[in-house]
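The model shown is predicted, which means the values in this text are computed figures rather than measured ones. Residue numbers start from 1 in every chain, and the chains themselves are labelled A, B, ... in the order their sequence lines are given, proteins ahead of strands.
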Amino acid sequence: MPELPEVETIRKQLHSKLIGKQWQGRKIVNIRRRAKLLLIDFSDKSSLVFHLKLTGQLLFNGVPGKYTRAVFNFDDGSNLVFNDARKFGWSKHIQNSQAIEKPFGIDALEITLTELKAVFVKKKRTKIKTVLMDQKQLAGIGNIYSDEILFSAKVRPDRLAGTINSQETSKILASVKAILKKAIERRGSSIEYYLDALGQKGDFVSLHRIYHKKQCGKCGGRVERLKINGRTAHYCPKCQQ
DNA sequence: CAGATCACCTGCTTGC
DNA sequence: TGCAAGCAGGTGATCT
């Protein structure tokens, strides 16, 4: 599930709830996101790190259930429940988060036009959807948002990055920022499992225009599917070139 | 080396 | 209805 907007939503909510609480004698001083990782930083410089993969949930004051993998209890009686139906997600407590944060590229919300152009040059022989989802190049975008971004920018997902011209690169960059920001405002996309840290579904699915759609959100034409890098890409052959 | 494919695990949907 | 196959928000290992 969670891509950048979902993890960012959880980060913001946990930031407002957890700062100052104690866990195993350590005080929580910050809640951060790096790519799709969520990091809880403690006063002793250690960090509790989560990756929610496809079906992970992090619930503040949640009630443990069938899919609960871990419960973190705080000094004041509150908790954080980690659920994950498919068990792909993980959490670990580490002494220094530097190494775990290192492999990722520039955050998709922060990347500049110059930096995005450089990524497309470096990965010119790779399909554009794969490049957008490559966490080492730019961090945070997954299958849902890459489809929505490329639809908004009117670019077919199977184009090679090297064929994307300057004007299209600018449109892709604008779409990255606009769609991710809008999705954060709507607290992410709840397809099946995703819930925010307060147990609420995200609203952004109602604004999806191509992902998991049968009809194009612009022209009403039939949405086509392709397998790209093992993932299902959705696109409109009329609106995307 | 880079890009494509498989494997991880479980549950829901689809089609015979 | 029953059951097998297909599909799912991610990513690291293994192939070609």
Side-chain angles (χ1 to χ4, degrees), chain A residues 1-11 33-39 49-59 65-70 82-92 99-105 107-108 119-151 157-163 176 179-180 182-184 186-197 200-214 223-234:
Chain A
M1 71 139 168
E3 303 181 31
L4 184 153
E6 289 76 27
V7 181
E8 183 63 17
T9 297
I10 292 169
R11 184 201 67 76
R33 179 184 59 77
R34 175 74 175 111
K36 299 172 192 172
L37 296 178
L38 186 87
L39 299 100
V49 187
F50 296 87
H51 198 307
L52 302 179
K53 294 292 182 83
L54 278 79
T55 57
Q57 303 173 333
L58 271 182
L59 302 173
K66 185 178 174 186
Y67 304 125
T68 297
R69 307 299 170 197
F82 179 27
N83 295 331
D84 187 12
R86 286 176 72 180
K87 299 181 179 174
F88 287 163
W90 50 261
S91 67
K92 58 176 87 172
I100 211 167
E101 296 184 57
K102 198 173 179 183
F104 299 105
D107 196 81
V119 167
F120 290 178
V121 169
K122 184 179 178 190
K123 306 300 269 184
K124 61 187 172 195
R125 293 186 54 236
T126 306
K127 291 176 178 130
I128 185 68
K129 178 180 171 71
T130 305
V131 174
L132 292 180
M133 292 174 64
D134 184 342
Q135 304 302 303
K136 291 182 173 57
Q137 305 307 318
L138 72 163
I141 297 171
N143 205 33
I144 295 177
Y145 295 102
S146 58
D147 277 359
E148 293 294 328
I149 287 162
L150 290 171
F151 175 78
D158 56 349
R159 293 261 306 276
L160 297 187
T163 72
V176 165
I179 288 172
L180 295 180
K182 192 70 183 173
I184 292 168
R186 297 304 194 103
R187 299 180 352 276
S189 300
S190 287
I191 305 289
E192 193 170 0
Y193 291 93
Y194 170 71
L195 296 176
D196 68 19
Q200 304 292 306
K201 290 187 174 187
D203 283 340
F204 194 68
V205 172
S206 64
L207 297 181
H208 287 183
R209 293 198 291 170
I210 198 78
Y211 179 81
H212 264 210
K213 294 286 189 184
K214 290 207 164 61
V223 171
E224 301 286 332
R225 295 184 177 201
L226 282 173
K227 274 283 183 226
I228 296 178
N229 202 28
R231 314 301 296 281
T232 302
H234 309 74

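- Side-chain atoms of A:R86 do not come within 3.5 Å of backbone N or O of A:T55 as any donor-acceptor pair.
- Separating the P atom of C:dC3 from that of B:dC9 is a span of 25 Å, rounded to the nearest Å.
- For the pair A:R231 CZ and B:dA7 C1', the interatomic distance rounds to 14 Å; values are reported in whole Å.
- Remark: A:K87 is not in phosphate contact with B:dC8, judged by side-chain N or O atoms under 4.0 Å from OP1 or OP2.
- The distance from atom CG of A:L37 to atom C1' of C:dT11 is 11 Å, rounded to the nearest whole Å.
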Check the interface with nucleotides 2-4 of chain B: list each N/O to N/O pair with the protein under 3.5 Å, or write none.
unit_1 : atom_1 : unit_2 : atom_2 : d
B:dG3  : OP1    : A:T126 : OG1    : 2.3
B:dG3  : OP2    : A:K123 : NZ     : 2.8
B:dG3  : O5'    : A:T126 : OG1    : 3.3

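- Ring-to-base geometry does not place A:F88 in a stacked arrangement with C:dT11 (centre distance under 5.5 Å, plane angle under 30° required).
- Taking a pair as Watson-Crick or G-U wobble with both distances under 3.5 Å, DNA chain B forms stems of 3 or more consecutive pairs at B:2-8 with C:10-16, B:10-16 with C:2-8.
- For A:N143 and C:dA8, the CG to C1' distance is 9 Å, given to the nearest whole Å.
- Looking at which nucleotide of DNA chain B each of A:R86 and A:E192 is closest to, the 5′-most match is held by A:R86.
- Protein atom CE of A:M133 is 10 Å distant from nucleotide atom C1' of C:dT11, rounded to whole Å.
- With sequence neighbours left out, A:F104 forms a ring-ring contact (aromatic ring centres under 6.0 Å, His included) with no residue at all.
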Report all interatomic pairs (protein N or O, nucleotide N or O of nucleotides 12-15 of chain C) with separations under 3.5 Å.
none

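- Separating the OH atom of A:Y211 from the C1' atom of C:dG10 is a distance of 12 Å, rounded to the nearest angstrom.
- In this entry the distance linking CG of A:L58 with P of C:dG9 reads 20 Å, nearest Å.
- A tilted orientation is assigned to the rings of A:W90 and A:H51, their planes being inclined by 30° to 60°.
- A:L132 places its CG atom 17 Å from the C1' atom of C:dT11, with the value rounded to the nearest Å.
- With centroids closer than 5.5 Å and planes inclined by less than 30 degrees as the test, A:Y193 and the base of C:dG9 fail to qualify as a stacked pair.
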Which pairs would a plain distance check flag for residues 206-213 of chain A, meaning a side-chain donor or acceptor within less than 3.5 Å of a matching protein atom at least two apart in sequence or in another chain?
unit_1 : atom_1 : unit_2 : atom_2 : d
A:S206 : OG     : A:D203 : O      : 2.8
A:H208 : NE2    : A:S189 : OG     : 2.8

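- Against DNA chain C, the stretch residues 203-210 of chain A makes no heavy-atom approach under 4.0 Å.
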